[in-house]
Visitor: 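Got a structure for you, questions after.
Side chains are part of it too, since the values below use all heavy atoms of this structure and drop only hydrogens, waters and symmetry mates. Chain naming here is simple, since letters A, B, ... match the order of the sequence lines and numbering starts at 1 in each.
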Amino acid sequence: MKKKIKIYTTPICPECERVKKLLRDKKIDFEEIDIFGNKEKAEEMINKSGQKRVPVTEIGEEVIVGFNKKSIEEAL
Amino acid sequence: MKELIIIGGGPSAMSAGIYAARRKLDLKIISKDFGGYVKETEKIENYLGFNSISGLELAKKFEDHLRSYDLDILEDAEVKKVYEKDSIVMIELENGKSFKSKTAIIAAGSKRRKLDVPGEKEFLNKGVTYCAICDGPIFQDQEVAVIGGGYSGTQSALYLSKIAKKVYLLELEENLRGEKIVIDKLKENKNIEIITKSKVTEIIGKNSVEGLRYLDLKNNKEKQLKVSGISIEIGMIPNSYIADVKKNKEGYIQVDENMKTSNNRIFAVGDINDKGPEQIAVAVGQGCIAALEAEKTILSK
């Protein structure tokens, strides 16, 4: 079954770009949530990861903070 | 064996790569990623040819330019060690792989300097950030502090002032050290408060950052600020530990006017060396010099 993928990002964020590029290169679809100007989504992201840092990638049940190629690939 | 291996992916590395590619050197580039700290800069307004461009966009242009050449690029790689043995430069990676080359250009940049106060480690990613541009939007309508009034601190304060309710900019010295054009804008901004001669002593909070304590050096009094986000921008530490060459007291690799290190097969460019301000224009120029000088070394017997 295909896992649902969400990435919480901000407009200027090198690590967010790397996560997106990694998934695009693998031809995997994802939903991007830009938290800029969106307090509700920012709050949602902080609740999910327990951290105040972007990007947060949610793959099925797993939540990965920052760009971590290995963790993302394992979660896919 | 390669003729030249470039280590790094910032502007100095990419510039060296383009010059080396056009000289058709047998070349390999090893880097974690491309763009360096350019990508963590909101706007760049001092690089020739671009009145105002986002760091991400400029970095993308640099990378596209580099990749327009057919190059041997190894990405997502961390270099552990660079040294010379019997006139061959050896490059060892963290993953155990190693490469040989006639020459190397080290452009591995620098990492952010830590403040080294209680609370900094504890609250990392819980309000403490080293990338104001990336994490800034999390602190929308909140009060935040930027520690460090240099080039990047002043720019971050300006960026955060568009997002946060209030920005405190704390600087240890008597004056801010960024660009005058940026400082003037900061001073006009009503939601920015500049606190010079302030030495941050502690970051405080429970589950996440709630404030900081600092020593007001004007009257030697301890003071406190209530903030939920803190960006630390007090300079950089060069990633020079990988290289077995001479460094200065601060750890920057010593180079001559040709970007050559104490080893005549190893060059160092960009933020990692002891020459020039840490600017894109400087990095690009140094990359050019090093690539052309490396070619001379390759051709000389």
Visitor: Checking heavy atoms, do the side chain of B:Phe139, its backbone, both or neither come under 4.5 Å from chain A?
Guide: side chain
Visitor: Considering distance alone, list the donor-acceptor pairs between chain A and chain B shorter than 3.5 Å.
Guide:
residue: A:Thr10; atom: OG1; partner: B:Cys134; partner atom: O; Å: 2.7
residue: A:Arg18; atom: NH2; partner: B:Lys32; partner atom: O; Å: 3.0
residue: A:Arg18; atom: NH2; partner: B:Asp76; partner atom: OD1; Å: 2.7
residue: A:Gly37; atom: N; partner: B:Gln140; partner atom: OE1; Å: 3.1
residue: A:Lys39; atom: NZ; partner: B:Asp141; partner atom: OD2; Å: 3.0
residue: A:Gly50; atom: O; partner: B:Lys126; partner atom: NZ; Å: 3.4
residue: A:Gln51; atom: OE1; partner: B:Asn125; partner atom: ND2; Å: 3.3
residue: A:Lys52; atom: N; partner: B:Asn125; partner atom: O; Å: 2.5
residue: A:Val54; atom: N; partner: B:Asp135; partner atom: OD1; Å: 3.0
residue: A:Lys69; atom: NZ; partner: B:Asp76; partner atom: OD2; Å: 3.4

Visitor: Let me know if B:Leu56 has heavy atoms under 4.5 Å from chain A in its side chain, its backbone, both or neither.
Guide: side chain
Visitor: Is the number of heavy atoms from other residues, nucleotides or ligands within 6.0 Å of CD (A:Glu61) greater than 12?
Guide: no
Visitor: Mind jotting down which residue pairs meet the disulfide bond (SG atoms under 2.5 Å apart) criterion with at least one end in residues 117-157 of chain B? Sequence neighbours excluded, please.
Guide: B:Cys131-B:Cys134
Visitor: Quick check for you: among A:Pro55, A:Cys16, A:Gly37, which has the greatest number of heavy-atom pairs under 4.5 Å with chain B?
Guide: A:Gly37
Visitor: Quick one: CD1 on A:Ile46 to CD1 on B:Ile138, what's the gap to the nearest 0.5 Å?
Guide: 5.5 Å
